[in-house]
Amino acid sequence: MKRRITYIQRDNAPFEPQQAVLTSKSLSVRDLDAAREDRITVGLNELPQELRAILEQSHELHLRWASEQPYEAVAPFASRVSPGLHVHYTPLNTDTSSEALCSLLRTIVGPAEGAQYKDCSKPEDSFITPPLLSTRFASSASLQYHTRLELLQPLNKWIRDSVCAQGKDASECHARADSLLSADSVDIDYDSISHALTVSSLWTSPPSGGWTEQLDKPVSSANQLEIGILGAEPGLEPEEIKMGGLLAVVGEDKKLKPTMFSFPSRHQPLLEPATYTVSFASPTGLHPTMSISMPRSSLRRPPAPSDSTCALHTYLTLPSTIFGDQYQLGTTDILFLESHNLVALRALSGEMDLEAPDWVVDRWGSTWLLELATPLEDPSDSSNWTVTVPLHLRYLPPSETGYRTAHVPWPVVFWACTSEEGTKMGVNPFDRTNLGWDGLFGPRTMFYQLQPNSEHLLEDIEVPVLRLEDGGLFRSKNIELGTCLVITLGFFWVLWRLARVAWSSGTASKPSKPSKPVHDKKE
Amino acid sequence: MSLFISQTRVFLAATALRLILLVYGGWQDAHSAVKYTDIDYMVFTDAARYVAKGQSPYDRDTYRYTPLLAWMLVPTAWEGAAPWSTLTFAFGKALFALSDVLAGWLVVKLLVRCYRFPVERALRYVAAVWLWNPMVANISTRGSSEGLLGVLVAALLWATLTRKPIVAGLILGLAVHFKIYPFIYGVSILWWWDAERDGSASANSNLVSRVIGFITPSRVKLTLAALASFVALNVVMYVQYGTPFLQHTFFHHLTRIDHRHNFSPYSTLLYLSAAGGAETHFEALAFIPQLVLVVIALPLVLAKKSLTTAMLAQTFTFVTFNKVCTSQYFLWYLILLPFYLPSSTLIQKPALGFTAAILWVLGQALWLSQGYNLEFLGLPEFVPGLFLAGLFFFAVNVWILGIIVRDGGEGAGEIEGESEDRKLR
């Protein structure tokens, strides 16, 4: 097992040498004002059987979880995904994917009663297939899943019950599992080449008073604990990030070693604050329109090389309850696109059926990559720049109140810029891929995230549904009987009319009555 | 009223109305993000583009029509510079609008020739109901294919009333291939077309000879021709496009769950049932009242008294008792109204006619206001709003249907002087 803990201090954060004390047994930090990443790499044989069985059938498996609470993504951890749990999965054998993965997912999501959780029995049936730029050099997994997951309690419980129960140091394991509960984002990665599982948790801000903890040298010599206390700043090249600070391997190094290094990074910070807000214009009806609103000052071109091309994008992760019309959004009609401040629909995948109600949809939802228009720079214009995305709601099952809630995670909004030929993003020790949207761009694209500006990164839409009150006048039994009665009455009314005609004159053609006035009297 | 005297003027005005709407539609599409063109037309033209590239029209989601439609619209897929592409894009709409006018022309011809209407009177009714009806012109110029059905039904009537069984059969087969529902006309026409109408006397009294007498050359020709064109078209399409053709053109309409709100009285029940909340599933039996009336009772009682009124009543019943009903379905019976209206009690007793019209419009208005509240304001109006509005609209339709049936029994819409026709043969 290898563990890497990285504290990232902001530019102006204070640091005194006595805040980090290294001994031969441990490193102690005190009141450290920093973001913190905790990355644990575990070999397959150290994992519980249930999980190992799943991983052994996986070519790659990447879980990305992000909190619904806002957090500030700092370099080099500047990338974002929509809140909730994202799963990117490629089975080892394309014919047989793991049903066990679905049952594990159910365990760690722990869907509550009435939650809009799309259950899966097999990944092929419930996961969606993202578009691949190239099947040969696939940069993203072949199957994708997303669900709302507000809190990591069920995951914490599962780790405590099945992972910690195996290890020797249960209390240490419990503490680490519990620490997940306050994380802003958690990544879990496995691929069949490294045969190792990596769990990276990120806290973008310290607990009140700063990080104070003692990190002990691992008991077993097979385990390693590496710690860095670093700061990040722009590198010499626009695609680079430069980092400097102190590093130590606990138990090996006698003292903290000063260090300075730089590397190209695909995820870059924007130097000036840039934010966006997401809302749905009220009333939402059955065709809600998502608005993404940005101060014009947030839309200055990112600090990419001057010869690179940059474009603003948004990536929507929509649950099955709400969807876009691929033909409406995929149009090339300039008038439509301009009226929504859209440039084009660049990629889409998932549940596209325009007619299906939610209960017949098997897959969890859909993803949409849209390129957004940006305003011409006009310093005198202080209004917000608003992009709108017309969406539609599926029919949901009846409820007692006449409403059900569709939870729509905020999309991510970012710039994508081309970088120079030959830039190798993979050498970045903090590189992050398999986010859903990154694989839709070339491998040398640089991304600059805008920061969502809200207390809660999720929009709730009230979806009108059939209201069924137990014991009410319009309960289901009465709707059934009422419809049946009215139609039967209508049927017999017409039959009776026909019977009267047949009774009075039979079914044969009428004998011609020469005197019958056929013309209107007016003529 | 001198305007009506000239056929040329009526048809020129109808054509001009459609041309103006076509040009206006092109202008609105080019200048506004809100399009004049119907979404369905985008489906047709997308499918036509696939067909032009040698692909299947069913590669386009929600294309649920015969490939014939996509083939007809292949010119819309022709690429070209700006003015040219606007023209090719409008080709299908122009075709639909032309079908409209042609359908109206056929109806006028039939009214004059078979129903002995003075030209002016025929023009008056057809202009009011069809040719100058802004709704009809609007629907076809927005690019909905219902206009094609209008011309097929008018042509079917023309072939039938002018005693061309093979042509009638071929058209019937084509119409059913195009949009399943015209099969109901086959029953009426077959029952109507007895030996007497072929000009031979029929004084058979015993059962056996009556049964044998039922099989007349015209009926056999009509049936075989209809089967031949229907089967031939389907075989050609199946060979070309395989199962997706069958799935989207036919099976989809049989297996779809119409859970979305629409004018049908079954709408709320279907939503409830599709979501798993119904216990009895009455809706599975919905075809019984619909088909008993449309396929058996109405043709049997009315077809021989007045073929067009029987067909109108069939269409009206089919739409009213259907599990799904949207406003384009109303066009289906509009084309048959000019035959019925002139001698109907709805015209002869204006109070009755007004009451029927007001109740029908009221039913629509009630439903639409509830639909607006649901669709745009997001209010849960399924019950009681849409449920009761749907049942009320059904009741109004059934009441009007009763009037049509009574009128049909009285011989409204009956071919005038047909007995003289018979004498001449």
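Proteins come first, then strands; the chains are lettered A, B, ... in the order of their sequence lines, and each starts at number 1. What you see is a predicted model; the values in this text were computed from it and never measured.
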* Could you tell me which non-hydrogen atom of A/Leu396 sits nearest to which non-hydrogen atom of B/Tyr271, and how far apart they are? => O-OH, 2.6 Å
* Asked: Tell me, do A/Ser476 and B/Leu272 make a side-chain contact under 4.5 Å, heavy atoms counted?
  -> yes
* chain B contact via A/Val463 - which portion, at a heavy-atom distance below 4.5 Å -> neither
* Asked: Taking everything shown except A/Phe492 itself, do over 12 heavy atoms lie less than 6.0 Å from its CZ?
  -> no
* Could you tell me whether the side chain of B/Pro289 reaches within less than 4.5 Å of the side chain of A/Ile487, counting heavy atoms only? => yes
* To do: Could you tell me which portion of A/Glu355 (side chain, backbone, both or neither) has an atom closer than 4.5 angstrom to a non-hydrogen atom of chain B?
  => both
* Asked: Do A/Leu468 and B/Val383 have side chains that get closer than 4.5 Å, going by heavy atoms?
  -> no
* Please look at A/Leu489 and chain B and tell me whether the side chain, the backbone, both or neither of the residue comes under 4.5 angstrom of a heavy atom of that chain. => neither
* Heavy-atom check, side chain of A/Leu498 versus side chain of B/Leu302, under 4.5 Å -> yes
* To do: Please examine the side chains of A/Leu354 and B/Asp61, heavy atoms only from C-beta on, and report whether any two atoms are closer than 4.5 Å.
  => no
* Pick whichever of A/Gln328, A/Arg497, A/Met352, A/Arg500 has the most heavy-atom pairs under 4.5 Å with chain B. => A/Arg497
* To do: Over all heavy atoms of both residues, which pair between A/Leu335 and B/Ala30 is shortest? Give the atoms and the distance, please.
  => CD1-O, 2.8 Å
* To do: Counting only heavy atoms closer than 4.5 Å, note whether B/Thr320 contacts chain A via side chain, backbone, both or neither.
  => neither
* Does any heavy atom of chain B fall under 4.5 Å from the side chain of A/Leu481, the backbone, both, or neither of them? -> both
* **Portion of A/Tyr327 that has a non-hydrogen atom of chain B nearer than 4.5 angstrom** => side chain
* Taking all non-hydrogen atoms of both residues, which atom of B/His259 and which atom of A/Tyr395 are closest, and how far apart? -> O-CE2, 3.3 Å
* **CA sep, side-chain torsions, deciding dist, call: A/Val501, B/Glu410, side-chain contact (heavy atoms from CB on, under 4.5 Å)** => CA-CA 8 Å; A/Val501 169; B/Glu410 300 282 316; over 6 Å; no
* State, with a plain yes or no, whether a side-chain heavy atom of A/Pro464 is found less than 4.5 Å away from one of B/Glu375. => no
* Specify which of A/Ser339, A/Pro398, A/Cys484 makes the most heavy-atom pairs with chain B at under 4.5 Å. => A/Cys484
* Give the member of A/Ile479, A/Leu466, A/Leu286 that has the highest number of heavy-atom pairs under 4.5 Å with chain B. => A/Leu466
* Asked: Who wins among A/Phe336, A/Trp493, A/Trp359 for the most heavy-atom pairs under 4.5 Å with chain B?
  -> A/Trp359
* **Side-chain heavy-atom pair B/Val398, A/Phe491 within 4.5 angstrom cut-off** => no
